[in-house]
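In this text the structure is predicted, and so the values were computed from the model without any measurement. Note that these values count all heavy atoms, side chains included, but never hydrogens, waters or copies made by symmetry.
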Amino acid sequence: MEKLNDPKSIIPAVVIARCKNIKEIAQIADSLDDSSRTSPVEFSSEWFTRFFDSASLVSDRDMQTIWAKILNGETEEKGRYSFRFIESMRLLSKVEAEIFLKISKLAVQTPLGGIHIISPENEEMLEIYRQYDIDDEEELLLLEECGLINMGVEATHELELERDLSGFFNDQYFVNFSINPESKIETFEFHSYSLTRFGSQLYELIEETTSADFILDLARTLKSQLDGEIIVSVHNYTLEEEIDGRVSMSLDTNSVDMFNKNEP
C-alpha cells in the first residue's frame with residue numbers, strides 16, 4: 001500500500017487552492033440560483049475545462065461572485081458565454097474590475113439600444129466625471145485595453161427633437177431633448193464611447209445600479225451649455241412588456257427637478 005507521505009502521492013498546494021476556489025464559486029452560484037432545478041446540469045467538457053482553468057485562479061470574493069454568475073448563466077443557456085469571454089475574464093484583474101464598476105455607475109442607454117459612456121467633450125463635462133472619481137482618461141484607456149470600452153471610434157447620436165423619446169436614460173431617469181419653438185433647432189448631437197460585447201456582458205453580470213445624481217448633473221450641465229436653444233428635461237419613466245415581447249417606454253408628464261440631488 002502506497003504511503004500518504006510518498007512524494008508521488010502528495011497533492012501540490014496550488015492544486016488544493018484551485019479546487020478550494022472552484023468549490024467556493026460553486027457554493028456562491030448555488031446560493032444565487034433561485035430556480036427549482038431537479039435534474040443534473042451538463043456542460044460542454046471543453047467549456048467547463050476553460051472555465052475551471054480560469055475561475056480556479058480566483059480567490060477574491062467579489063470576483064468569485066462574477067464567476068459564479070457566469071456559471072449560472074451558462075447553466076440557463078448553453079453558449080451564453082463564449083471561450084473568448086472566458087479568456088477576457090481570466091485576464092481581468094480586480095483593480096480593472098473595480099474601475100469598470102465605477103464607470104458602470106455612470107453608463108447611459110438610448111432608446112435605440114446599447115450601453116454608452118457619454119464623452120467628456122469639454123472641461124465642464126470632465127469636472128462631472130472627476131466628481132465621481134474618474135480623474136482622467138487614463139482609466140478609460142485602461143478599460144479599452146481590457147476590451148471593455150471602444151474608444152477607437154466615438155459613437156455619434158443625432159437626436160430628432162420632434163420625437164417623443166429623444167435622449168438617453170439610466171436606471172432612474174430619462175433626459176429628454178425637445179424643440180424650443182423660439183430657436184427651431186430640430187436635432188441635437190452628442191457623442192459617447194460604447195461598451196464592447198465583453199463590456200456589455202460584464203455590465204449585466206455586475207448588476208450595478210447607475211447613479212441618479214450623475215445623470216442629473218449631466219442634464220443640468222447640458223441645459224446650461226445649450227442655453228435655452230433646446231429644451232432639456234428630466235423624467236421618471238416606466239417600461240412595459242408588450243404582447244409581442246417588445247418593451248415600450250413612457251415618460252412621466254411632469255419633469256423632475258434636476259437641481260434637487262444628493263451629493264455623490
Side-chain angles (χ1 to χ4, degrees), residues 21 25 28-29 32 47 50-51 53-74 76-77 79-121 125-126 128-157 168-172 190-212 214-215 217-218 264:
N21 291 338
I25 290 170
I28 296 171
L32 295 174
W47 186 91
R50 291 173 184 253
F51 177 87
D53 286 346
S54 300
S56 62
L57 297 172
V58 178
S59 58
D60 177 82
R61 184 74 176 183
D62 291 335
M63 295 296 287
Q64 284 182 341
T65 299
I66 295 176
W67 282 101
K69 290 179 179 179
I70 294 170
L71 187 61
N72 280 348
E74 189 68 18
E76 296 169 2
E77 179 187 345
R80 176 180 293 184
Y81 299 109
S82 66
F83 295 158
R84 188 180 301 277
F85 177 86
I86 296 297
E87 178 64 15
S88 298
M89 277 297 304
R90 184 182 70 83
L91 297 173
L92 191 70
S93 71
K94 176 68 182 298
V95 170
E96 291 161 347
E98 287 175 341
I99 294 173
F100 184 72
L101 183 65
K102 287 195 303 182
I103 289 291
S104 295
K105 295 177 182 179
L106 313 183
V108 301
Q109 300 181 58
T110 69
L112 295 178
I115 304 169
H116 310 275
I117 305 300
I118 301 292
S119 301
E121 299 182 26
M125 299 283 277
L126 279 170
I128 296 175
Y129 279 92
R130 292 189 188 108
Q131 290 176 29
Y132 293 86
D133 202 25
I134 307 298
D135 294 328
D136 50 43
E137 284 196 337
E138 288 300 315
E139 291 182 321
L140 292 174
L141 291 170
L142 177 60
L143 295 184
E144 181 184 39
E145 185 180 324
C146 296
L148 292 163
I149 293 179
N150 183 12
M151 293 185 66
V153 179
E154 277 191 332
T156 299
H157 308 266
F168 51 79
F169 63 98
N170 68 359
D171 294 333
Q172 289 81 20
F190 71 93
H191 303 90
S192 73
Y193 303 125
S194 300
L195 298 193
T196 62
R197 176 172 171 76
F198 172 43
S200 296
Q201 286 186 297
L202 182 57
Y203 180 86
E204 293 173 359
L205 284 168
I206 61 177
E207 299 178 309
E208 184 62 38
T209 301
T210 50
S211 170
F214 171 76
I215 202 166
D217 280 333
L218 197 58

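Phe190 places a side-chain heavy atom less than 4.5 Å from the side chain of Thr110. Side-chain atoms of Leu202 and Leu195, non-hydrogen and from C-beta on, never get closer than 4.5 Å to each other. Within the 4.5 Å cutoff, no side-chain heavy atoms of Ile215 are placed close to those of Gln172. Taking 4.5 Å as the limit, every side-chain heavy atom of Trp67 sits out of range of all side-chain heavy atoms of Ile28. Counting heavy atoms from C-beta outward, Phe214 and Ile118 have side chains that stay 4.5 Å or more apart. Considering only heavy atoms from C-beta on, Glu74 stays 4.5 Å or farther from Ile70 through its side chain. In this structure, Tyr132 and Lys105 have side chains that are not in contact, with every pair of non-hydrogen atoms separated by 4.5 Å or more. In this structure, the side chains of Leu143 and Tyr193 stay at 4.5 Å or more apart for every pair of heavy atoms.
The distance from atom CE of Met151 to atom CG of Leu140, rounded to the nearest 0.5 Å, is 5.0 Å. A distance of 7.5 Å separates NE2 in His157 from OG in Ser119, rounded to the nearest 0.5 Å. In this structure, CG in Leu91 is found 8.5 Å from SG in Cys146, a value given to the nearest 0.5 Å. The OG atom of Ser192 sits 11.5 Å away from the CD1 atom of Ile115 when rounded to the nearest 0.5 Å. Leu218 CG to Ile128 CD1: the interatomic distance, rounded to the nearest 0.5 Å, is 5.0 Å. Here Leu92 contributes atom CG and Glu98 contributes atom CD; the two are 10.5 Å apart, rounded to the nearest 0.5 Å.
Side-chain N or O atoms of Asn21 include none that pairs as donor or acceptor with a backbone N or O of Ala55 at under 3.5 Å. Between the side chain of Asn150 and the main chain of Ser194, no donor-acceptor pair closer than 3.5 Å is present.
If you look at Phe51 and Tyr81, their ring centroids are not closer than 6.0 Å.
The 12-atom threshold is exceeded at CZ of Arg80, counting heavy atoms of other residues, nucleotides or ligands nearer than 6.0 Å.
Residue pairs meeting the salt bridge (charged side-chain N to carboxylate O under 4.0 Å, His left out) criterion with at least one member in residues 139-154, sequence neighbours excluded: Lys102-Glu139.
For the 3.5 Å distance criterion, the side chains of Asp171 and Thr210 qualify, holding a donor opposite an acceptor.
With sequence neighbours left out, the side chain to side chain donor-acceptor pair (under 3.5 Å) criterion links Glu121 to His191. Taking Arg84 as the reference, nothing meets the salt bridge (charged side-chain N to carboxylate O under 4.0 Å, His left out) condition, with sequence neighbours excluded.
Counting all heavy atoms, side chain and backbone alike, Ser211 lies closest to Asn170 at O-ND2, 2.9 Å.
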